[in-house]
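Heads up: the structure comes next, in structure tokens.
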Amino acid sequence: MALPFARSPCLCRWGAKRLGAAAAEARRGVSFKLEEKTAHSSLALFKGGTGVKYGMVGLEPTQLALNVERFREWAVVLADTAVTGGRHYWEVTVKRSQQFRVGVADVDISRDSCIGVDVRSWVFAYAQRKWHTMLANEKAPIEGIGHPEKVGLLLEYEAQKLSLVDVSRVAVVHTLRTDFQGPVAPAFALWDGELLTHSGLEVPQGL
């Protein structure tokens, strides 16, 4: 007669740990760096391509390699990873910047444009000590958030939503209804100071 199989407690714990790690990995959002070849000449990347800072003068265009992917008119940079589905969350640390934009844009957005001024980008902008949304150059005010050191963005591709998150309260401040029709990438613009991105994060519980 066959003896009953005794499951090892250690094996059970190991299996549960593996399942937990797999579940956490599934919840983890897109991981990206900033794409140097898209960065306007006034922007410089730092900290392994996770941060961007603005320079009043910037680099001379003649010193940059000819690249059709580089933004030519506005201080914009895109992430190096496109999103085509799923829920993704990342955070942005704001350092000494009083004028910046964060959001997402079509990967093939015009390099002569700025994020927030056309219908192929969805943006939360901070300027003159106030937040507002930007779509097709139309602005709408956002209440309930000041100038935090760090903000979060929650992208829900299938639900066609992009949300600004107050990291200190882990709460959605405002949600933009989007119209994604293809791959989009995290997008950033700034006219002073620095932005530091934190990606590959799990979507916080409750969001």
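Just so it is clear, the model here is predicted, and its values are computed rather than measured.
Between the OG atom of S31 and the NE2 atom of H198 there is a distance of 12.5 Å, given to the nearest 0.5 Å. Put simply, CG on L78 and OG1 on T38 are 4.5 Å apart, with the number rounded to the nearest 0.5 Å.
Hydrophobic side-chain contacts under 4.5 Å tie V107 to no other Ile, Leu, Val, Met, Phe, Trp or Tyr residue.
Not one N or O on the side chain of D106 forms a donor-acceptor pair closer than 3.5 Å with the backbone of D108. Side chain of E91 to main chain of S199: no donor-acceptor pair is present (N/O by atom type, distance under 3.5 Å, no hydrogens or angles). A side-chain donor-acceptor contact under 3.5 Å links R101 to the backbone of I115.
Around atom CD of Q205, no more than 12 heavy atoms belonging to other residues, nucleotides or ligands sit under 6.0 Å away.
Under the 4.5 Å side-chain heavy-atom criterion for grouping Ile, Leu, Val, Met, Phe, Trp and Tyr, F46 is not connected to L195 through any hydrophobic cluster. If you chain together hydrophobic residues whose side chains sit under 4.5 Å apart, F124 and L196 never meet in one group.
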Problem - Q98 vs Y126, side chain to side chain contact (heavy atoms under 4.5 Å, CB included): CA-CA, chis, key distance, verdict - result: CA-CA 7 Å; Q98 297 295 322; Y126 185 85; 3.9 Å; yes
Handout entry: Evaluation steps, side chain to side chain contact (heavy atoms under 4.5 Å, CB included), between V123 and T133
Key = CA-CA 6 Å; V123 167; T133 62; over 6 Å; no
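Smallest separation of non-hydrogen atoms from A125 and M134: CB-SD, 4.0 Å. What you find for T81 and P186 is that their closest heavy atoms are O-CD, 3.7 Å. In terms of heavy atoms, D118 sits closest to L135 at O-CD1, 3.7 Å. Nearest heavy atom pair, residue W90 against residue G103, reads CZ2-O, 4.1 Å. Among all heavy-atom pairs drawn from R70 and R111, the shortest one is O-CB, 3.3 Å. Of all non-hydrogen atoms in S113 and F71, the two that sit nearest each other are O-CD2, 3.6 Å.
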Distance-only donor-acceptor pairs under 3.5 Å for side chains of residues 171-185, two or more places apart:
| unit_1 | atom_1 | unit_2 | atom_2 | d |
| --- | --- | --- | --- | --- |
| T175 | OG1 | S163 | OG | 2.8 |
| T178 | OG1 | Q160 | O | 3.1 |
| D179 | OD2 | Q181 | NE2 | 3.0 |

Do any side-chain atoms of residues 142-156 form donor-acceptor pairs under 3.5 angstrom with protein atoms, and if so which ones, sequence neighbours left out?
| unit_1 | atom_1 | unit_2 | atom_2 | d |
| --- | --- | --- | --- | --- |
| H147 | NE2 | S97 | O | 2.8 |
| E156 | OE2 | R87 | NE | 3.2 |
| E156 | OE2 | R87 | NH2 | 3.4 |

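Contact of the V76 side chain with the F188 side chain is not registered, since no non-hydrogen atoms from C-beta on lie closer than 4.5 Å. Looking only at side-chain heavy atoms (C-beta outward), V83 and V104 stay at 4.5 Å or farther from each other. Side-chain atoms of F32 and T197, non-hydrogen and from C-beta on, do get closer than 4.5 Å to each other.
Residues F100 and W131 bring their aromatic ring centres within 6.0 Å.
Under the 4.0 Å criterion applied to side-chain N and carboxylate O atoms, R72 and D112 are assigned as salt-bridge partners.
Here the options are R96, K47, K53, the test is side-chain hydrogen bond (donor to acceptor under 3.5 Å, both in side chains), and the partner is E194; only R96 passes.
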